[in-house]
Amino acid sequence: MSLTHQAHADRDGSGRPLVRIALLGCGTVGSGVARLLIDPAAAVAVRSGIDFWLEAIAVRSVAKPRSAEIPSELFTEDAARLVEDPQIHVVIECIGGTGVAATLVERALANGKHVVTANKDLLATRGPELRLLASRSGVTIQYEAAVGGAIPIVRTIADSLAGEHILEVGGVLNGTTNFILGEMGAGASYESALEQAQRLGYAEADPTNDVEGIDTAHKLAILAQLAFRRALVTPNVPRTGITKLGREDLSLAKRLDMTVKLVACARLGGSLVTPAYVRRSHPFAQGTGAQNCIRVMGQSSGSLTFAGTGAGGAPTASSVIGDVVAVLRHIETGIVVGAVADHTLTNAWGVERTIPLRRIVRLVSLRDARPAREALRSAGVAAEQCDGVPAILTTQALDASNDDLRALLRAHDLAAESILPLWEDLPAEATVAPAQATAEALSVR
Ligand SMILES: NC(=O)c1ccc[n+]([C@@H]2O[C@H](COP(=O)([O-])OP(=O)(O)OC[C@H]3O[C@@H](n4cnc5c(N)ncnc54)[C@H](OP(=O)(O)O)[C@@H]3O)[C@@H](O)[C@H]2O)c1
């Protein structure tokens, strides 16, 4: 049986395909996927019009107690056997990480099996290469659940916006930091907000991936790969986490009628993950907790905003099942949907170039505002005073780093308590005037 033939599945007596599925991982997401696959009321087969069979579920330990709804005979500890098994046509990977999951996905694709995965770490670091491997094996790798949980954004960019010239993609992509910043906005310190997030299950015991912005950078890299057809990977995204924020940053935001969010943004030529002041009326400021907000700015489409639950077992499993249905339809019809390999994908991104944003410098006292503004001005950095609060907004400091600004102020015996960017949209005309839009999109340092 050729690899491609294998991916197209066996047929029953009436010529209908019978697809055999293996699920790898049965934790938060995988158990939700398993339940939906074995529940007749979920009607995956009806929606796809194809018979399928959940052959096995690989886990680390079969001894671990599992949901009674999932037949125990499905469990195995031998994931490697499943990805080599010629009887398996589709592999759903819900293990996570870039270790064993990467090897299993690679083997499955090389063996001509379609892969569905929620693994953002893997797609963000090795997405272009895996898509190419899938395309060479005549199969697809689907990963709608890797970004934004239940929000249908991957296929929207890959398919619905395939004809759009995208200028910018990004948003607020991480529920844990959203929760922590919400608590800090209500007066908590970073440490107690993190503790609360861990108690409620929003943050993991080791929260590094979330609070250092790595999870957000993964999601941004995946969105940017699709939007700009560039091989942007996580290590090339300039990234700042939320660990250095104090509750004073949040209280200053409140006085400015703003909030602080961990914002992600990619434009052609640059990208950025950073905590930023966001005006309260802006779509990025609206979500709390697990709510994500993703925005795509297209030359012709203008601004498109997608909001919804960005994490959690059930929403993510729903997204995985959507991908499974897409794969089943593909097997039935041969029509590919979703993010297929783009052979024009290039590395020419502009490694580690960040997107310049104006910055708000938080000062010790209101008295410092005027001297600080003058000190910056004398060094060629224009700044304006924020009304009635100890802060100034830089207007022409795009080439100066935060350290440069701090040093300038220190030389005048002034202290910058914190320096954070102010999130501002591309100007409206960017979406209607091509020449100007391109210049804006490329405006990076
Ligand atoms: N949780 C979310 O809200 C969410 C949202 C979006 C995307 N995702 C992504 O979804 C994926 C899964 O996340 P999760 O939260 O469901 O993880 P999880 O709860 O930790 O589950 C991981 C599963 O993988 C199994 N596993 C680990 N090592 C294995 C091995 N060597 N062989 C076979 N199975 C192995 C574990 O087995 P045991 O059960 O025996 O330990 C467990 O069932 C990740 O890529 C994550 O980034 C998660």
Side-chain angles (χ1 to χ4, degrees), residues 22-36 56-67 70 72 74-85 88 91-108 115-127 130 141-154 173-179 197 200-210 214-223 234 289-292 294 308-324:
L23 174 61
L24 313 182
C26 196
T28 309
V29 177
S31 59
V33 171
R35 272 193 290 272
L36 290 170
I57 304 174
V59 288
R60 191 169 21 206
S61 163
V62 290
K64 204 165 167 177
R66 309 278 169 187
S67 156
I70 308 171
S72 57
L74 286 178
F75 290 102
T76 170
E77 289 176 10
D78 196 353
R81 178 184 60 77
L82 297 178
V83 297
E84 302 297 336
D85 183 347
I88 302 287
V91 168
I92 306 173
E93 185 274 307
C94 294
I95 293 176
T98 52
V100 66
T103 313
L104 292 168
V105 165
E106 227 169 4
R107 288 304 304 153
V115 169
V116 173
T117 178
N119 191 335
K120 53 203 157 229
D121 311 42
L122 185 58
L123 265 301
T125 49
R126 299 188 45 199
L130 292 172
I141 175 166
Q142 304 279 348
Y143 49 91
E144 183 63 70
V147 184
I151 304 171
I153 189 67
V154 168
L173 308 175
N174 180 271
T176 308
T177 48
N178 233 6
F179 177 85
L200 295 175
Y202 276 110
E204 292 178 24
D206 176 0
T208 312
N209 253 18
D210 289 321
I214 299 165
D215 175 83
T216 301
H218 282 330
K219 293 167 182 167
L220 183 68
I222 294 171
L223 293 175
T234 308
Q291 292 297 301
N292 283 188
I294 303 174
T309 312
T316 310
S318 153
S319 208
V320 169
I321 293 295
D323 277 350
V324 172

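Order of listing sets the numbers, starting from 1, for every ligand and every atom in it.
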Nearest heavy atoms of Val29 and Ala317, plus distance in Å: O-CB, 4.0 Å

From CD1 (Ile141) to CD (Glu106), nearest 0.5 Å: 10.0 Å

Student check: side-chain heavy atoms of Gln142 and Val115 closer than 4.5 Å: no

Sub-4.0 Å heavy-atom approach of Glu77 to ligand 1: no

Candidate with minimal heavy-atom separation from atom 8 (N) of ligand 1, of Ala118, Gly175, Gly30: Ala118

Which atom of Leu24 lies closest to which atom of Val83, heavy atoms considered: CD1-CG1, 4.1 Å

Which residue and heavy atom of the protein sit nearest atom 3 (O) of ligand 1, plus the separation: Gly312 N, 2.7 Å

Per-atom contacts of ligand 1 with Cys26, taking only distances under 4.0 Å to non-hydrogen atoms: 23 (C), 42 (C), 43 (O)

Protein contact of atom 28 (N) of ligand 1 - nearest heavy atom, named by residue and atom, plus distance: Ile95 CG2, 3.8 Å

Test item: Ile70 and Cys26 side chains (from C-beta on) under 4.5 Å apart, heavy atoms: yes

Heavy-atom side-chain proximity of Val91 to Val105 below 4.5 angstrom: no

Whether Leu24 lies under 4.0 Å from ligand 1, heavy atom: no

Any side-chain heavy-atom pair of His218 and Leu122 under 4.5 Å: no

Per-atom contacts of ligand 1 with Asn119, taking only distances under 4.0 Å to non-hydrogen atoms: 45 (O)

Nearest non-hydrogen protein atom, atom 16 (O) of ligand 1: Val29 N, 2.8 Å

Nearest-contact summary for atom 5 (C) of ligand 1 - protein heavy atom, Å: Thr316 OG1, 3.2 Å

Atom indices of ligand 1 within 4.0 angstrom of Lys120 heavy atoms, with elements: 6 (C), 7 (C), 8 (N), 47 (O)

Any Gly149 heavy atom less than 4.0 Å to ligand 1: no

For Gly96, the ligand 1 atoms whose distance to one of its heavy atoms is below 4.0 Å: 44 (C), 45 (O)

Residue part near ligand 1, for His218, under 4.0 Å between non-hydrogen atoms: neither

Side chains of Arg66 and Val59 in contact at under 4.5 Å (non-hydrogen atoms): yes

Flag side-chain contact, heavy atom, 4.5 Å: Asn209 against Asp121: yes

Any side-chain donor near an acceptor of the partner, Thr76 and Asp78, under 3.5 Å: no

Heavy-atom side-chain proximity of Glu144 to Val320 below 4.5 angstrom: no

Subset of ligand 1 atoms that lie under 4.0 Å from at least one heavy atom of Val100: 31 (N)

Within-cut-off N or O pair, Gly313 and ligand 1, under 3.5 Å: no

Distance filter under 4.0 Å to Ala311 heavy atoms, resulting ligand 1 atoms: 3 (O)

Pairwise side-chain contact, Thr98 with Arg126, heavy-atom cut-off 4.5 Å (strictly under): no

Top protein contact for atom 37 (O) of ligand 1, by heavy-atom distance: Arg60 N, 3.1 Å

Enumerated ligand 1 atoms positioned under 4.0 Å from heavy atoms of Cys94: 12 (C), 22 (C), 23 (C), 24 (O)

Identity and separation of the nearest protein heavy atom to atom 41 (O) of ligand 1: Lys64 NZ, 2.8 Å

Tyr202 OH to Thr176 OG1 distance, which is reported to the nearest 0.5 Å: 9.0 Å

Which of the ligand 1 atoms, numbered from 1, are nearer than 4.0 Å to a heavy atom of Ser61: 40 (O)

Top protein contact for atom 25 (C) of ligand 1, by heavy-atom distance: Gly25 CA, 3.9 Å

Which residue and heavy atom of the protein sit nearest atom 21 (O) of ligand 1, plus the separation: Gly27 CA, 3.3 Å

